[in-house]
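In each ligand, atom 1 is the first atom listed, and ligand 1 is the first ligand listed.
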Amino acid sequence: MSQSYSTSRPCRLRDVPGWDLETDVAVVGFGSSGASAAIEAAAAGARVLVFEVASGHGGTSAMAGGDIYLGGGGGTSAQRANGFEDATEDFFRYMMMAGGPDADEERVRIYAEGALAHHEWLKAQGVPYRDTYIPGKPVMPGTGDCLILSGSEYAWPFKEQARPCPRGHLPEAIGETGGFFLVEALAKRAKALGVEAIFDTRAVALVVDDDGAVAGLVVSTLGERDRFVRARGGVVLCAGGFALNEAMLAQYAPVRKRLADDGLSGGYDDGSGIRLGMSVGGTAIHMDELFITLPFYPPESHVKGILINDKGARFINEDAYGGRVAHFITSQIGDRFYLLVDDAIFQRPSEYSKIEIAAVGETWGDVEAELGLTPGSLTTTVAIYNQHAAKGEDPLFHKDAHWLKSLDEPPYAALACHLKEAYYPFFTLGGLRVRPTGEVLTTDGEAIVGLYAAGRTACGLPRWGKGYSSGMSLGDCTFFGRKAGRSASERARQAGA
Ligand SMILES: Cc1cc2nc3c(=O)[nH]c(=O)nc-3n(C[C@H](O)[C@H](O)[C@H](O)COP(=O)(O)OP(=O)(O)OC[C@H]3O[C@@H](n4cnc5c(N)ncnc54)[C@H](O)[C@@H]3O)c2cc1C
């Protein structure tokens with residue numbers, strides 16, 4: 001750890017004793033966004049140095065399922081091979097809904113129009129894909145197949161505004177390691193293009209000149225003196241989010257306190273990239289937004305169950321993506337939640353979900369009593385649900401008829417999905433406000449010269465937990481990582497001209 005520098009305080013250019021390293025583009029972090037930025041910058045002819053605090057590339061990206069949200073333009077090769085047509089406007093509308101009240105229309109438009117070409121780019125970098133499809137609602141299937149339904153496309157209200165189809169694209173990988181194959185391919189490509197990676201080295205401060213432009217950075221390698229790095233085109237911050245920084249979570253995203261201690265994410269998601277950006281005037285937005293999910297499916301049959309709060313009331317159409325469902329859970333008052341199932345749909349929940357059986361009974365009244373809920377609360381909810389489900393309707397929450405079934409086959413069970421007990425993995429969506437070009441913006445909306453950010457260090461496409469669909473983070477990391485790398489290399493080219 002550096003003694004003298006701080007991610008929240010920049011180093012003045014006049015205090016730099018001399019440059020130890022000089023490059024066109026300096027990238028901080030070698031996950032999917034950093035690798036994508038490095039590839040594009042190097043491909044444009046820039047000299048690129050990547051600084052990575054870990055001993056190898058990967059970051060959280062390498063732990064991920066590797067799902068990338070893609071579509072539009074009539075469909076990707078995997079969509080078309082499996083009979084799905086995906087118009088750009090449907091893709092755009094879904095992404096706009098997924099982005100929530102502050103969806104970034106310009107960014108969504110660029111992504112919707114460029115996603116197909118981006119998929120081809122990923123293939124060209126060596127990311128392996130089969131054009132196969134797994135029907136249903138799989139989550140990180142690990143079969144090596146590609147196309148999955150990874151969001152709320154077929155669920156209300158999304159299905160009413162955008163023609164649905166599956167858009168999650170997984171690399172060919174057996175096990176849950178698609179992200180590993182993704183970053184492996186990108187890192188290999190970066191190396192082939194001459195990108196130099198400096199491992200075990202942490203970016204500890206940005207260097208700014210008197211006009212506030214970023215001229216480089218200070219890096220720290222254990223056991224060595226701090227080094228000063230000049231970056232002619234700029235610094236690209238790709239250091240991930242802040243899912244492992246409890247102090248930042250407490251400050252910005254207190255919903256985290258309602259969850260059990262084990263979160264998600266790995267790597268070094270300590271928020272240092274965001275703090276580096278803020279140290280030179282960058283503003284961070286949507287810092288309270290997390291991706292949170294509840295793995296109550298698979299088993300898929302449990303989507304036919306109903307979720308209730310501790311008042312015995314429903315609050316969401318249970319066929320929405322698990323991430324959306326989890327957000328409606330955390331929007332409720334109280335910490336106790338139950339998934340109600342009957343004998344026809346019950347299967348043992350996955351071990352990792354930590355969803356346990358809370359009560360079993362021959363009648364719904366027995367279950368209600370065992371849970372200690374207000375008499376009549378749960379039973380009324382089930383009676384109303386069953387009355388409409390029998391007709392294939394859900395007038396209260398609009399669950400699709402495909403998932404509707406009267407819960408009328410005893411014995412009945414309530415499965416505990418309590419916030420502090422079940423597994424609610426999360427990662428952060430808030431980060432530096434950036435243009436689609438990757439330029440980091442101040443609160444006034446001015447670009448900070450020489451500073452770019454991508455991936456979860458930035459607030460990109462995914463910015464609303466209730467709309468997040470699997471694949472949106474890595475899609476954003478790789479797509480806009482490329483753009484940030486290109487911007488920094490272009491600035492280096494202009495500086496050199
Ligand atoms: C289990 C799991 C499954 C997931 N599955 C998916 C999925 O299928 N699809 C999807 O879209 N998203 C998924 N996500 C989310 C997604 O993986 C992340 O949001 C994404 O990988 C972030 O990429 P990144 O490039 O921003 O950060 P990272 O991949 O974490 O890369 C950041 C790098 O920066 C380094 N670093 C940090 N600070 C510094 C510093 N100061 N100096 C130098 N280096 C630094 C880190 O060590 C790291 O290597 C998943 C997440 C998890 C945990």
**Student:** Check each atom of ligand 1 against the heavy atoms of V28 and keep those under 4.0 Å away; list them by number with element.
**Tutor:**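 That gives atoms 40 (C), 42 (N), 43 (C) of ligand 1.
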
**Student:** Where does the angle between the aromatic ring planes of Y5 and F228 fall among parallel (under 30°), tilted (30 to 60°) and perpendicular (over 60°)?
**Tutor:**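 Taking F228 first and then Y5, their aromatic rings stand perpendicular (interplane angle over 60°).
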
**Student:** Out of all atoms in ligand 1, which are within 4.0 Å of some heavy atom of G455? Include the element for each.
**Tutor:**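 Heavy-atom distances to G455 below 4.0 Å select 26 (O).
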
**Student:** What do you reckon, does L474 have a nitrogen or oxygen under 3.5 Å from a nitrogen or oxygen of ligand 1?
**Tutor:**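 Yes; the residue has a nitrogen or oxygen that sits under 3.5 Å from a nitrogen or oxygen of the ligand.
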
**Student:** Check each atom of ligand 1 against the heavy atoms of G471 and keep those under 4.0 Å away; list them by number with element.
**Tutor:**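 Going through ligand 1 atom by atom, the ones under 4.0 Å from G471 are 9 (N), 10 (C), 11 (O).
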
**Student:** Considering only heavy atoms of G58, which atoms of ligand 1 have at least one such atom less than 4.0 Å away?
**Tutor:**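 So the atoms of ligand 1 that pass are 29 (O).
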
**Student:** Out of S33, G240, G31, indicate the one that has the non-hydrogen atom closest to atom 25 (O) of ligand 1.
**Tutor:**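 Looking at heavy atoms only, the winner is S33.
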
**Student:** Which bit of H57 gets closer than 4.0 Å to ligand 1, counting heavy atoms only: side chain, backbone, both or neither?
**Tutor:**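 Contact part for H57 vs ligand 1: neither.
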
**Student:** Does ligand 1 have an atom under 4.0 Å from some heavy atom of T201?
**Tutor:**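 Per 4.0 Å heavy-atom rule, T201 contacts ligand 1.
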
**Student:** Could you establish whether C238 and ligand 1 come within less than 4.0 Å of each other, counting only heavy atoms on the residue side?
**Tutor:**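 C238 counts as a contact of ligand 1 under the 4.0 Å cut-off.
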
**Student:** For R456, run the side chain to side chain donor-acceptor pair (under 3.5 Å) check against D476, D269, T60 and tell me which one passes.
**Tutor:**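 That would be D476; it is the only one of D476, D269, T60 passing the side chain to side chain donor-acceptor pair (under 3.5 Å) with R456.
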
**Student:** Could you list which atoms of ligand 1 come closer than 4.0 Å to a heavy atom of M472?
**Tutor:**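 Close to M472: 11 (O).
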
**Student:** Out of all atoms in ligand 1, which are within 4.0 Å of some heavy atom of R456? Include the element for each.
**Tutor:**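 In order of number, 19 (O), 22 (C), 26 (O).
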
**Student:** Should G475 be counted as touching ligand 1, given the test is an N or O pair under 3.5 Å?
**Tutor:**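 For ligand 1, there is no N or O atom that lies under 3.5 Å from one belonging to G475.
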
**Student:** Checking the N or O distance criterion of under 3.5 Å, is ligand 1 in contact with M140?
**Tutor:**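 Min N/O separation from ligand 1 is not below 3.5 Å for M140.
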
**Student:** Whether R130 and E172 form a salt bridge (side-chain N of Lys/Arg under 4.0 Å from carboxylate O of Asp/Glu) is what I want to check.
**Tutor:**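 Yes, E172 and R130 are salt-bridged.
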
**Student:** So is there a nitrogen or oxygen of A203 less than 3.5 Å from a nitrogen or oxygen in ligand 1?
**Tutor:**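 So ligand 1 has an N or O lying under 3.5 Å from an N or O of A203.
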
**Student:** Could you check whether the rings of H119 and Y129 sit parallel, tilted or perpendicular, using 30° and 60° as the cut-offs?
**Tutor:**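 Judged by the thresholds at 30° and 60°, the geometry between H119 and Y129 is perpendicular.
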
**Student:** Looking at S272, which atoms of ligand 1 are within less than 4.0 Å of one of its heavy atoms?
**Tutor:**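 Those atoms are 38 (N), 39 (C), 40 (C), 41 (N).
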
**Student:** Heavy-atom pairs closer than 4.0 Å: do any link ligand 1 to the side chain of Y268, the backbone, both, or neither?
**Tutor:**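 It is both parts that get close, each with some atom under 4.0 Å.
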
**Student:** Is the positively charged end of R167 above the ring of F91, judged by distance under 6.0 angstrom from the centroid and angle within 45° of the axis?
**Tutor:**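 Judged by the rule (NZ or CZ under 6.0 Å from the ring centre, within 45° of its axis), R167 is not positioned above F91.
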
**Student:** Can we call the ring centroids of F296 and F337 under 6.0 Å apart?
**Tutor:**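 For F296 and F337, the ring centres are not under 6.0 Å apart.
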
**Student:** Is a salt bridge present between K159 and D319, judged by a nitrogen-to-oxygen distance below 4.0 Å?
**Tutor:**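 So K159 does not pair with D319 through a salt bridge.
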
**Student:** Please work out, at 4.0 Å between heavy atoms, whether the side chain, the backbone, both, or neither of F427 comes within that distance of ligand 1.
**Tutor:**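 It is the side chain that touches ligand 1; the backbone stays farther off.
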
**Student:** Any heavy-atom pair between the side chains of S279 and R9 that's under 4.5 Å?
**Tutor:**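 SC-SC contact between R9 and S279 ruled out.
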
**Student:** For atom 4 (C) of ligand 1, state which one of A35, S36, A64, S32 supplies the nearest heavy atom.
**Tutor:**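 Checking each option, the heavy atom nearest atom 4 (C) of ligand 1 is found in A64.
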
**Student:** State, to 0.1 Å, how close F84 and C165 come at their nearest heavy-atom pair, and which atoms those are.
**Tutor:**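 Heavy atoms of F84 and C165 come nearest at CD2-CB, 4.0 Å.
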
**Student:** Donor-acceptor check, side chain of T457 to backbone of G240, threshold 3.5 angstrom: yes or no?
**Tutor:**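 Yes.
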
**Student:** Under a 4.0 angstrom heavy-atom cut-off, which atoms of ligand 1 come close to G66?
**Tutor:**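 So the atoms of ligand 1 that pass are 7 (C), 8 (O).
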
**Student:** May I ask you to decide if the ring planes of Y321 and Y468 are parallel, tilted or perpendicular, using 30° and 60° as cut-offs?
**Tutor:**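 Because their plane-to-plane angle lies in the 30° to 60° range, the rings of Y321 and Y468 count as tilted.
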
**Student:** Among H169, R275, E52, which residue places a heavy atom closest to atom 49 (O) of ligand 1?
**Tutor:**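 Looking at heavy atoms only, the winner is E52.
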
**Student:** Heavy atom of Y468 under 4.0 Å from ligand 1?
**Tutor:**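 Yes, Y468 has heavy atoms under 4.0 Å from ligand 1.
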
**Student:** Can you name the nearest heavy-atom pair linking A173 to F181, along with the distance?
**Tutor:**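 The answer is CB-CD1, 3.4 Å.
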
**Student:** To check you understand the geometry: which heavy-atom pair defines the closest contact between V236 and A37, and what is its length?
**Tutor:**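 Minimum heavy-atom separation between V236 and A37: CG1-CB, 4.1 Å.
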
